[in-house]
Amino acid sequence: QMESINVSEFKARCLSILDEVARTGKTITICKRGKPLARIVPPAYSKLGYPQETLRGTLTIVGDIVSPVMDPEDWSANRGVL
């Protein structure tokens, strides 16, 4: 069930209400004089965490990703050739 609060309560507790929505995933409707004024919904990615987390486990390292591709002696700049 969707929770609703009065706009004056939202104004007084705005940050804590936003934290609650993010933490619980519940939608909150803000009302003014009993009529819905706005709705606060959790972010779409809250169920998964961050969108980047969907990529976890999809990468395969096939070699050394830190060392230079070639020996420094083979670089033209090291031989004085530009």
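A quick note: this is a predicted structure, and the numbers were derived from the prediction, not measured.
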Problem - Approximate separation, where rounding is to 0.5 Å, of T29 OG1 and F10 CZ - result: 11.5 Å
Exercise for the section: Have a look at I30 and tell me which of I40, N6, I17 forms a side-chain contact (heavy atoms from CB on, under 4.5 Å) with it. Expected result: I40
Problem - Spacing of CD belonging to E3 relative to CD1 belonging to I5, to within rounding of 0.5 Å - result: 7.0 Å
Handout entry: Nearest atoms (heavy-atom pairs only) where P42 meets G25
Key = CG-O, 3.2 Å
Handout entry: Side-chain donor-acceptor contact under 3.5 Å, D19 with S16
Key = no
Problem - Under 3.5 Å donor-acceptor, S67 side chain and D64 backbone - result: no
Completion exercise
Distance col, row S4:OG vs R39:CZ, nearest 0.5 angstrom, shows 11.0 Å
Exercise for the section: Spell out, yes or no, whether L59 and V62 are grouped together once hydrophobic residues are joined by side-chain heavy atoms under 4.5 Å, including indirect joins. Expected result: no
Practice task
Report whether V41 and V21 are members of the same hydrophobic cluster (ILVMFWY, side-chain heavy atoms less than 4.5 Å apart, transitive linking).
Solution key: no
Problem - Reported SG-to-CD distance for the pair C14 and E9, which is rounded to 0.5 angstrom - result: 11.5 Å
